Amino acid sequence: MMSMFFDESIISRAKKKGLVEVVMHDLHDYSLTRYGSVDDYPYGGGAGMVMCVEPLANCIEGLQSERTYDEIIYTAPDGNLLSQPLCNTLSLKQNLMILCGHYKGVDERIREHFVTMEISIGDYVLSGGELAAAVISDAVIRLIPGVLGDEQSALSDSFQDRLVAPPEYTRPVEFRGWRVPDILLSGDHAKIAQWRYEQSLQRTSERRPEMLKDS
Ligand code: ADE
């Protein structure tokens, strides 16, 4: 399922251009048991399963013996909230390992001794970390120079300058009587830039006022 996402999205373009390599590892390959199990009942009781320390440690250390990782990221709802500045930082790194939590989570010793960064993609609980890893990968990989066709477009994203993006229009100039704002047709680039900035500011204060407060 995840490989489909990675083969279809912007990530596949980046892979084809040789700008990024994405390798998925199946924890079952590192299992110590004949049946390939990677989880067990939690000590102290309770519902759900916990991912075992040994296969995870084997996997992480096996990968570390092949290359140096800048970060070992664990996806969890109690991690640091993913943000554009964090994506920018991660896009400058060479090698990232993303460990997807599952079931009830991983044995805490993995988080204590191997994980260097914990990321949440929002205040809700997913059934597994794979979707979170896909979200992180997409948001980070698209920032790598050359991945997007138009170099400018990642820079003008919502959040990149701590404002949400202004409205955009394309042809036709009129549809059912709904017209594109005249300023965008004026050809006056300075005025257009000013208008876009004002729109961004207005939208940010209406839709995401907290973004203007913490700067
Ligand atoms: N795993 C489960 N829920 C998650 C979330 N909100 N963010 C990251 N990983 C998760």
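In this text the structure is predicted, and so the values were computed from the model without any measurement. Just so you know, ligand 1 is whichever comes first in the structure, and atom 1 is the first atom listed for that ligand.
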Run the salt-bridge test on Asp78 and Arg111 with the 4.0 Å N-O cut-off and return the result as yes or no.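 Answer for the salt bridge query: yes.
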Heavy-atom contact under 4.0 Å between Leu82 and ligand 1?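 So Leu82 does not count as touching ligand 1.
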Does Gly101 reach ligand 1, in the sense of a heavy atom lying below 4.0 Å from it?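 In this structure, Gly101 fails to qualify as a contact of ligand 1 - no heavy atom is under 4.0 Å.
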For [X], counting its heavy atoms only, list the atoms of ligand 1 lying under 4.0 Å from any of them.
X: Ile119; answer: 8 (C)
X: Ala132; answer: 8 (C), 9 (N)
X: Val125; answer: 3 (N)

Of the side chain and backbone of Asp123, name the one, both, or neither that has a heavy atom under 4.0 Å from an atom of ligand 1.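 Neither part.
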Would you mind telling me if ligand 1 is within reach of the side chain of Pro77, the backbone, both or neither, using heavy atoms under 4.0 Å?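 Both backbone and side chain.
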Does Thr116 use its side chain to pair, donor to acceptor, with the backbone of Ile72 at less than 3.5 Å?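 Looks like yes, one N/O pair under 3.5 Å.
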Quick check against the 3.5 Å criterion: does Lys104 have a side-chain atom that pairs as donor or acceptor with the backbone of Ala47?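 A pair under 3.5 Å: yes.
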Quick one: look up the protein heavy atom nearest [atom] and list residue, atom name and how far away it is.
atom: atom 7 (N) of ligand 1; answer: Ile121 N, 3.0 Å
atom: atom 9 (N) of ligand 1; answer: Ala76 N, 3.2 Å
atom: atom 6 (N) of ligand 1; answer: Tyr124 O, 2.7 Å
atom: atom 3 (N) of ligand 1; answer: Leu126 N, 3.0 Å

Verify whether one side chain among Gln202 and Glu198 offers a donor that lies under 3.5 Å from an acceptor in the other.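 Short answer, no.
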Might you point out which heavy atoms bring Ala133 and Thr75 nearest each other, and give the distance in Å?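 Closest pair (atom of Ala133, atom of Thr75, distance): N-CG2, 4.1 Å.
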Could you report the tightest heavy-atom contact between Leu99 and Ile60, atom names first, then the distance?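 Answer, listing the atom of Leu99 first, then Ile60: CD2-CD1, 4.2 Å.
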Indicate yes or no: does an N/O atom of Gly122 lie under 3.5 Å from an N/O atom of ligand 1?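 Min N/O separation from ligand 1 is below 3.5 Å for Gly122.
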Side chains of Val106 and Tyr74, heavy atoms from C-beta outward: is any pair under 4.5 Å?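 Contact flag for Val106/Tyr74 side chains = yes.
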Heavy-atom side-chain proximity of Ser200 to Arg203 below 4.5 angstrom: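 Side-chain contact under 4.5 Å: no.
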